[in-house]
Number of protein chains: 2
Amino acid sequence: MTVEEQSTPENNILKAAKEIFQKKGMAAARMQEIADEAGINKAMLHYYYRSKELLFEAVFKSAFHMLAPQLNEIMNADTSVFEKIKNFSSNYISFVLKHPYLPNFIIQELNRNPEFVKNLIAEKNFPNISKFKQQVNHKIEAGEIRPINPEQLFINIISLNIFPFIGAPLLKGFVNINDEAYKQLMEDRKTEVADFIINAIKI
Amino acid sequence: MTVEEQSTPENNILKAAKEIFQKKGMAAARMQEIADEAGINKAMLHYYYRSKELLFEAVFKSAFHMLAPQLNEIMNADTSVFEKIKNFSSNYISFVLKHPYLPNFIIQELNRNPEFVKNLIAEKNFPNISKFKQQVNHKIEAGEIRPINPEQLFINIISLNIFPFIGAPLLKGFVNINDEAYKQLMEDRKTEVADFIINAIKI
DNA sequence: ACATTTGTCAACCATTTGGTTAAACTAATT
DNA sequence: AATTAGTTTAACCAAATGGTTGACAAATGT
């Protein structure tokens, strides 16, 4: 049982705060609402987490730590480029289908406060793509994939996996389908995205 | 000269409100800050736009109307699928480089209030992708592009073009480059993205 | 010239919000 | 039973915030 799942007051508050912060964002979230969600008095929030700012930081870091290590593990694994693309797409989409508010929350708050990234970079387990870049360059030299800037390829992988969740309300409108059908499209993307990327770079 | 560029009080307020709302979002934006930005008294905001909510709606619709028609024009143009992909990528990225806060603003607020999409759909000029879908299916039957769900292809196009801007703070951290270098990557994407997509679907 | 509408502002108001306090309750420890 | 430390609560507070008011100026029409 991980520390997040224990039923200490701190963790109950953190769970409630996640719920509210991720749904509404820092500015629109209300301490009272978080207290209600946690079933406690508002003063308790300040007892365990001095301020809204600190509670928010705890929530944000907890959220980020759910995502980043996954990315890092896959990118630094001893598998081929194609395997990495397949594994990341499949794992990431499965994960986000279970935590739909997470990506939007992180992106939104990083845009609100871009300097926050510096704190994250300093921590260990922050995703490092140098191995991935090497592998891609190697494959290009070996003539197995088309010439492409590895950074652009990385951005493409991330974009194709993350945006369909962040942009869901808009895309549902454009494609003109209901929630059920959209969820099915996301399920299909677990393999679809990797196929698309590999076709784009394979010679 | 379009109506947005005239220097009426309404438009000055709208311009100031855009600046603040797009940078901070609805919840974190302050009426006083918008008034300061517009160089007027706070009461003026309420005189011209009854409430924060209504001012926000005006800003949101104005922002959306800058983006949506472009997408619609390109998707319904009498050009080939490949041309559409090239035109959209190039036009969209050029546009967003000039209005960097716009995509994140729209996505963020649509996530906050998903029902808002319904209002937008009702308006004319809301993007319609049925022609694009037909063209893609036709090309598949003709054996010119690989089989792919046209909706997935559309989602891919949008994702590859929009996400690099919304996720910029995060991606800058992952790729570990400064703002200048990142902007150059975006410039490169004006052609890079279309090439990538076309390689992915071309037989 | 006068009256009426429209625009502008400083001061004000009611409510909300994050945060505090002091007292009360609980459960272990002596 | 008394002490102590940690936990919980209701009531309270100061600051911030969206919004209003009433006086006043500047156009606008007659």
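If you're wondering where the values come from, they're calculated on a predicted model, not measured in any experiment. Letters go in sequence order (proteins before strands), and every chain restarts at 1.
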F60(A) six-ring face occupied by R112(A) cation (under 6.0 Å, within 45°): no
Nucleotide dT17(D), atom C1' - distance to CD of Q32(B) in whole Å: 10 Å
Check: E141(A)/N137(A) side-chain N/O donor and acceptor closer than 3.5 Å: no
Side chain of I40(B) - closest among dT8(C), dG18(C), dC9(C): dC9(C)
Spacing between M44(B) atom CE and dG22(D) atom P, to the nearest angstrom: 16 Å
Length of the CG-P vector between L45(B) and dT20(D), whole Å: 12 Å
d(CD, E10(B); P, dT6(C)) in whole Å: 13 Å
Salt bridge flag under 4.0 Å for residues E19(A) and K23(A): yes
Between P of dT17(D) and NZ of K24(B), the distance in whole Å: 10 Å
Among dG19(D), dT7(D), dT20(C), the one nearest H46(A) by side-chain distance: dT20(C)
Touch class at under 4.0 angstrom, heavy-atom based, for Y49(B) against every strand present: nothing
Side-chain donor-acceptor contact under 3.5 Å, Q32(A) with D36(A): yes
All side-chain hydrogen bond (donor to acceptor under 3.5 Å, both in side chains) counterparts of N72(B), not counting sequence neighbours: N76(B)
E33(A) CD - dG18(C) C1' separation (whole Å): 15 Å
Integer-rounded Å distance: dG19(C) P and Y48(A) OH: 18 Å
Sugar-phosphate only, base, or nothing, as touched by M31(A) at under 4.0 Å among non-hydrogen atoms: sugar-phosphate
Which nucleotide in dT7(D), dG7(C), dG18(D) has an atom nearest any side-chain atom of Y47(A): dT7(D)
Under 4.0 angstrom between R30(A) side-chain N/O and dG18(C) OP1 or OP2: yes
Rounded interatomic separation in angstrom, taking CG from N12(B) and P from dT8(C): 10 Å
Main-chain N/O of M66(B) paired to Q70(B) side chain as donor or acceptor, under 3.5 Å: yes
Ring centres under 6.0 angstrom apart (F105(B), Y101(B)): no
Sugar-phosphate, base or nothing in reach of A35(A), heavy atoms under 4.0 Å: nothing
N/O-N/O pairs, protein side and nucleotides 10-12 of chain C side, under 3.5 Å:
unit_1: dA10(C); atom_1: OP2; unit_2: N41(B); atom_2: ND2; d: 3.2
unit_1: dA10(C); atom_1: N7; unit_2: N41(B); atom_2: ND2; d: 3.2

